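To start, I am sharing the structure in question, which I have written as C-alpha cells.
These numbers were taken from a predicted model, which means no experiment stands behind them. In the text below, chain A, chain B and the rest are named by the order of the sequence lines, each starting its count at 1. Values reported hereafter were calculated over all heavy atoms of this structure, with side chains retained and with hydrogens, waters and symmetry mates removed.
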Protein chains: 2
Amino acid sequence: MAGLSDRKQKILQAVVTDYIQTAEPVGSRSISRRYKLNLSAATIRNEMSDLEELGFLTQPHTSAGRIPSQQGYRFYVDALMGPPNLTRQEETYLANVFTQLQKMREIDQIIQQTAKVLSVLTSYTSLVLGPQFRHSAFKQMRLVPLDEQKALVVLITSVGHIKHRVINLPQALSSQELNQIVSYLNEQLAGQTIENLSATRLRQLRSDLYARIDLLSQVLQLLDESSADGEGRVFLGGTSNILNQPEFKDVEKIKHLLTLFEEGSRLTFVLETSSEGVSIRIGTENAITEMSDCSLITATYQLDNRPVGAIGVMGPTRMEYSRVITIIEHIASHLNFVVQDL
Amino acid sequence: MAGLSDRKQKILQAVVTDYIQTAEPVGSRSISRRYKLNLSAATIRNEMSDLEELGFLTQPHTSAGRIPSQQGYRFYVDALMGPPNLTRQEETYLANVFTQLQKMREIDQIIQQTAKVLSVLTSYTSLVLGPQFRHSAFKQMRLVPLDEQKALVVLITSVGHIKHRVINLPQALSSQELNQIVSYLNEQLAGQTIENLSATRLRQLRSDLYARIDLLSQVLQLLDESSADGEGRVFLGGTSNILNQPEFKDVEKIKHLLTLFEEGSRLTFVLETSSEGVSIRIGTENAITEMSDCSLITATYQLDNRPVGAIGVMGPTRMEYSRVITIIEHIASHLNFVVQDL
DNA sequence: CTTTAGCACTCATAAACAGAGAGTGCTAAG
DNA sequence: CTTAGCACTCTCTGTTTATGAGTGCTAAAG
C-alpha cells in the first residue's frame with residue numbers, strides 16, 4: 001500500500017489535482033503536457049495502468065482517461081496533498097469575518113453566520129452543529145412568574161446557551177417556597193454538566209423534593225429534553241452550491257441529498273460522531289449512503305477543552321481538500337474563542 | 001373577460017384539471033374522450049382556439065396540445081375550481097396532527113412541525129413565518145444577574161415569545177438601582193406592542209433614564225432588533241418536494257429556487273406582505289422573479305384578531321389549488337388556537 | 001348557423017447512423 | 001526501461017429518418 005514508487009506518486013498526484021480542477025477523466029497525454037515530469041505519454045500510460053491495477057485509479061470506460069478512486073483520494077489526502085493556497089483576498093476576508101463574529105451575542109446568529117461564511121469561502125455546502133447543551137455545565141436557573149398559574153423557567157449554561165420554558169405552577173406553593181426550591185436546585189446543580197445529571201442525581205433530587213413533584217418534574221423535563229435532542233441542531237449553508245458541481249447534474253442525486261438535508265437528526269449524528277480535530281471522510285467512509293459520492297471534512301470546536309460542537313464542509317469526492325481543510329481549521333479555532341466569550 | 005360561454009368554461013375547466021394531473025399539454029381529442037361533454041374533437045378544437053385567442057390557453061408549439069396560461073389558472077381559481085377533495089385518511093391525519101401540535105410548548109417546535117406537516121400533506125414546499133414579535137404586546141421584562149459584569153435580559157411578550165440577551169452591566173450600578181430601572185421599564189412598557197415602541201416612546205424613556213444610558217441602550221437595542229428583523233424567521237418544509245415536479249427537472253431552475261430558499265429575508269417579505277385570509281398568487285403575480293413559474297398560496301394566522309404570522313405552500317403553477325387551499329385553511333385556523341394557548 | 005368528419009400539414013421526440021476525437025494497449029525499436 | 005507508432009475502442013455530436021400526437025381548414029351534414 002505504501003510502496004508506491006516516487007514516480008507513481010507524482011503521477012497520481014498529477015491525476016488527482018488535474019481531475020479536481022477539471023472534473024473530466026484525465027489522460028496520459030494531458031499529464032505529460034501539463035506537468036513537468038519529463039516523461040512521454042506512453043510511459044505515463046504504463047504507470048497509470050499499474051496505478052489502476054493497484055486500485056488508485058479507475059476508468060469510466062475503456063479508452064477514456066482515468067479518474068481517482070476512493071483509495072486514490074485517500075492516498076492523496078494522506079501523503080501527497082500540497083500546501084494550502086489561500087489568496088490574500090481570502091485571508092483578509094477571513095479576518096473580517098472573525099471580527100464580525102466576535103461582536104455577535106446570540107449563539108444562533110453566530111452559528112448561522114459561520115455556516116454561511118464556510119459555504120461562501122469554500123463554495124461547497126457547510127454544516128454547523130451548535131454547541132451541545134449536554135456537554136456544557138449548568139450555571140444558573142431562574143423562575144420568572146408570569147401570572148398566578150404560570151412561570152418561566154430560565155436555564156443558563158456555560159456555553160452561553162439559554163433555554164426557557166413556560167411551566168404551570170401548582171397553586172399551593174407560596175412564592176417563598178418557590179424561591180427556596182429554586183435556590184436549592186441552583187445549589188445542587190451548580191457546575192454539573194447537563195449530561196451527567198440525568199441518572200442518579202435527578203433521582204436523588206426527586207426524592208429530596210418529593211413534596212413538590214409537580215413543579216419539579218416540569219423543570220426536570222426541560223433539563224431532560226435539553227440533554228436529549230433539543231440543542232443538537234444543525235445549520236446548513238450554501239445548499240445550492242452542490243448544484244454547481246458537474247457530478248450533481250442528475251436530479252435524482254440532488255433529490256437524495258436534499259432529503260438528507262431535511263433530516264436534521266441524521267446530520268447531527270454525522271457531526272456528533274466526528275472525531276476530535278479535523279477529520280476527513282471520503283465517499284463510502286461516510287456511513288451515510290446518500291453521501292457515498294461526497295466527501296465530508298469536519299472539525300470540532302471546544303469549550304474548556306471539551307468538544308461541544310462541530311463544523312463541516314461537504315462536497316463531491318473531487319473536492320479541493322487542502323483548501324477546505326485550512327479554511328475549516330481557521331474557522332474552528334476561531335470559534336473556540338467566540339464560544340469562550342459568551 | 002367574464003363573458004365566457006358556459007361551454008367554453010367547461011372546456012377550460014377540463015383542460016386545467018387534466019393538465020394539473022398529467023403535466024402534459026392536453027389535446028382536443030383526449031378531452032372529448034375523457035370528459036363527458038358530448039362534443040366532437042373538432043368542436044372542442046375550435047373552442048380551444050378561441051380560448052387561446054382570449055388568452056386563457058397557450059400552445060408550447062404549433063401542433064401540440066394546449067396548456068393553461070396564467071390568466072387561465074386565474075379564471076379557474078376564481079370561478080371554476082371544484083370542491084376540495086380530501087380523503088378520509090387525510091382528515092384523520094390532520095386531526096392527529098392537531099392534537100400533537102396542541103401539546104407542544106416551544107413556538108419553534110410548533111412552527112417547524114407545522115412546516116413539515118404542510119409539506120407532507122400537500123407534497124409541495126411549505127413556508128411558515130413565525131409569530132412576529134413586533135405585532136405582539138410587551139408583557140414583562142426581567143434582569144437575571146450572571147456575574148459581576150454581566151446580566152441576562154429576558155423579554156416576554158404575549159405570543160409566548162421569549163427573547164433573551166446577555167448584556168454588560170455598568171459597574172456603577174447597585175442592584176437596588178437595577179431593580180428600580182427594571183420595574184420602571186416594566187411599568188412604562190406594559191401592554192404596548194413592540195412596533196409601537198420604536199419612535200416617540202423610546203426617546204422619552206431614554207431621556208427619563210438619561211443617567212443610565214449605557215444599560216438602557218443595550219436593552220433598547222434588544223427591543224429594536226426584535227422589532228426589526230429578529231423574529232421574522234421563515235421555516236421551510238419539503239424543499240425536496242419541488243424536485244418531484246416534472247417542470248423542475250432543469251438544474252438551473254432548481255438552483256434559482258434553492259438560492260431563493262437560502263435568502264430568508266426575501267421569503268419573509270413575501271409572507272409578510274400576504275393579505276389577511278387566504279391569498280393565491282399565480283406565476284408572475286408573485287413579484288419575486290424566481291417564483292414566476294410557481295404559485296404561492298398563503299394564509300395568515302391571528303392572535304387577538306391581529307395577524308401575527310403566515311403559512312404558505314409553494315408549488316408549480318400547475319398546482320392542486322383546491323386541495324392545498326382547504327389544507328391551508330384548516331391548519332391556519334388551528335394555528336390560531338395553538339398560538340392563543342401559549 | 002352549428003357541428004362534425006376528413007385530410008393535409010407541423011413539429012417534437014426517438015431511434016438509427018456516420019464521423020470525429022480522445023485515449024488506450026500493444027508491439028517494436030532506441 | 002523508455003518511447004514512437006499504430007490499430008482499436010468508446011463516447012459524443014450532429015444528421016437523418018420515422019413516428020405520432022395534434023392542429024387548422026374545408027366541406028358536408030344536421
- Out of D:dT3, C:dT4, D:dG24, which has the shortest distance to the side chain of B:Leu39?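 The answer is C:dT4.
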- According to the interplanar angle, ranging from 0 to 90°, do the rings of A:Phe56 and A:Phe75 count as parallel (below 30°), tilted (30 to 60°) or perpendicular (above 60°)?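 Geometry flag for A:Phe75 against A:Phe56: perpendicular rings.
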- When you look at CZ of A:Arg266, are more than 12 heavy atoms from neighbouring residues, nucleotides or ligands closer to it than 6.0 Å? yes
- Whole Å only: how far is the NE2 atom of B:His61 from the C1' atom of D:dA21?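 Distance check: B:His61 NE2 to D:dA21 C1' gives 9 Å.
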- Task: Check the distance between D:dG22's C1' and B:Asp18's CG and give it to me in whole angstrom.
- Result: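 For the pair B:Asp18 CG and D:dG22 C1', the rounded distance is 14 Å.
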- Message: Check this one for me: any side-chain N or O of A:Arg45 less than 4.0 Å away from OP1 or OP2 of D:dA4?
- Response: no
- Out of D:dT23, C:dT10, C:dG25, which nucleotide sits closest to the side chain of B:Ser63?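 Nearest to the side-chain atoms of B:Ser63, counting from C-beta on, is C:dT10.
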- Query: Any idea which of C:dT4, C:dC26, D:dT2 is nearest the A:Thr43 side chain?
  - Reply: D:dT2
- Got a sec? Which of residues 19-32 of chain B come in under 4.0 Å of DNA chain D, heavy atoms? B:Gly27, B:Ser28
- Has B:Arg88 got more than 12 heavy atoms of other residues, nucleotides or ligands less than 6.0 Å from its CZ?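 12 or below, so no.
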- Query: Considering only C:dT24, C:dG6, C:dA5, which nucleotide approaches the side chain of A:Gln59 most closely?
  - Reply: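 Side chain of A:Gln59 sits closest to C:dT24.
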- Task: Check the distance between D:dT9's C1' and A:Arg66's CZ and give it to me in whole angstrom.
- Result: 13 Å
- Find the distance A:Glu47:CD to D:dT2:P and express it as a whole number of Å.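 Checked: the CD to P distance equals 7 Å.
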- Message: Without decimals, in angstroms, what is the distance between B:Ile44 CD1 and D:dG22 P?
- Response: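 So the two atoms are 12 Å apart, to the nearest Å.
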- Message: If you go through the side-chain atoms of B:Thr62, does one of them form a donor-acceptor pair with the base of C:dT10 closer than 3.5 Å?
- Response: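 A donor-acceptor contact between them is absent.
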- Please give, in whole Å, the distance from C:dG25 C1' to A:Leu57 CG? 16 Å
- Query: Taking the side chain of B:Met48 as its heavy atoms from C-beta onward, which of C:dT24, C:dT3, D:dT23 lies nearest to it?
  - Reply: D:dT23
